[in-house]
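Below you'll find the structure, written out as structure tokens, and then a few comments.
Not measured: the values here are computed from a predicted model.
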Amino acid sequence: YFLFNTLNNLYGLAVDKSDKLPGLMLRLSDLLRHSLYETQKPLVSLTREIDVLKSYIELESVRLEEDLQLTFDNAVPVQAPYDIAPLILIVFVENAFKHAKFVRSGPVHIDIKTSLEEGWFTLTTKNNYNTERQSSTNGIGLTNVKRRLEVLYPGPAHEVTITKDEGYYFVTLRLQLEESSLTEPVHGS
């Protein structure tokens, strides 16, 4: 679903001969490469996984361009010496965009924050949603990621909190990470 939407967005940019197209194609290539190769590894660097989030956010931002009010506050240092399971974070960011895209009465608001303190990584997302549209907070993506979290970060090594009020979803993911044993180069942006 994501891939087809992204390709349609890129096609539209190509038709308009947009200057954004080359950079976005590189972001898509980066995401696909990560999905194909890095997911074969049990762990990847936290910095690399945050780069994947940045690529995904940039691609999704094109789709909602004028209607999007987005903040992404990444407080994880570029040289953070921690590893994380690949693609464990993206489900939460995808859900923020998924629920927000049904907003009809105004702009889409999405706030994403990451932090790292003494080996505890935290991802928080906040997004508005269409209060008239019935939706579940336990879709297949969330169910699968919760199972992965139980296996990869058992018991007290992870915590997921999902709440909503009259206009916003709030998600907090906390993971206790291990120090890095990887020697791959760090990609920062």
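Between Leu123 atom CG and Asn74 atom CG the span is 10.0 Å, to the nearest 0.5 Å. Distance CZ/Arg147 to CG/Leu142: 11.5 Å, rounded to 0.5 Å. The structure places OG1 of Thr122 at 4.5 Å from CZ of Arg174, a figure rounded to the nearest 0.5 Å. Taking CD of Glu159 as the reference point, atom CH2 of Trp120 lies at 7.5 Å (rounded to 0.5 Å). Rounding to the nearest 0.5 angstrom, the gap separating the OG atom in Ser61 from the CG atom in Leu70 is 5.0 Å. Rounded to the nearest 0.5 Å, atoms NZ (Lys54) and CG (Leu59) are 14.5 Å apart.
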Where do Ile84 and Ile50 land on the side chain to side chain contact (heavy atoms under 4.5 Å, CB included) test, with the steps shown first?
-> CA-CA 10 Å; Ile84 191 167; Ile50 290 173; over 6 Å; no

Worked check of side chain to side chain contact (heavy atoms under 4.5 Å, CB included) between Phe72 and Asp111 | CA-CA 6 Å; Phe72 179 48; Asp111 297 321; over 6 Å; no

Can you check side chain to side chain contact (heavy atoms under 4.5 Å, CB included) on Ile57 and Ile112, steps first, answer last?
-> CA-CA 10 Å; Ile57 290 166; Ile112 302 164; 3.6 Å; yes

Could you go through the side chain to side chain contact (heavy atoms under 4.5 Å, CB included) check for Val52 and Leu87 one step at a time?
-> CA-CA 8 Å; Val52 168; Leu87 299 181; 4.2 Å; yes

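Side chain of His109 to main chain of Asn128: no donor-acceptor pair is present (N/O by atom type, distance under 3.5 Å, no hydrogens or angles). The closest donor-acceptor contact from the side chain of Tyr169 to the backbone of Asn95 lies at 3.5 Å or more, if one exists at all. Using a distance-only test at 3.5 Å, with no hydrogens or angles considered, a donor-acceptor pair links the side chain of Thr47 to the main chain of Val78.
With a 4.5 Å cut-off on side-chain heavy atoms, Ile162 and Lys146 count as touching. Counting only heavy atoms from C-beta outward, the side chains of Ile88 and Leu152 approach each other to under 4.5 Å. Contact check for Glu60 versus Val93: no side-chain heavy atoms found under the 4.5 Å cut-off. Inter-residue side-chain proximity for Val171 and Thr124 is flagged as unmet; no heavy-atom pair is nearer than 4.5 Å. In this structure, the side chains of Ile110 and Leu68 come closer than 4.5 Å at one or more pairs of heavy atoms. Annotation: side chain of Val108 is not in contact with side chain of Asn127 (no heavy-atom distance under 4.5 Å). With a 4.5 Å cut-off on side-chain heavy atoms, Leu175 and Leu149 count as touching. Side-chain contact between Leu89 and Leu173: present, with at least one pair of heavy atoms (C-beta onward) separated by less than 4.5 Å.
The two residues Ala85 and Arg148 come nearest to each other via the heavy atoms CB-NH2, 3.8 Å. The minimum heavy-atom distance between Thr125 and Ala96, with the atom names listed, is CB-CB, 4.4 Å. Nearest heavy atom pair, residue Pro42 against residue Pro86, reads O-CD, 3.4 Å. Closest approach of Tyr82 to Glu178, counting heavy atoms only: CD2-O, 3.3 Å.
Under the rule for a side-chain contact (heavy atoms from CB on, under 4.5 Å), the partners of Asp165 that lie at least two apart in sequence or sit in another chain are Tyr168, Phe170.
Atom CD of Gln69 has more than 12 neighbouring heavy atoms from other residues, nucleotides or ligands inside a 6.0 Å radius.
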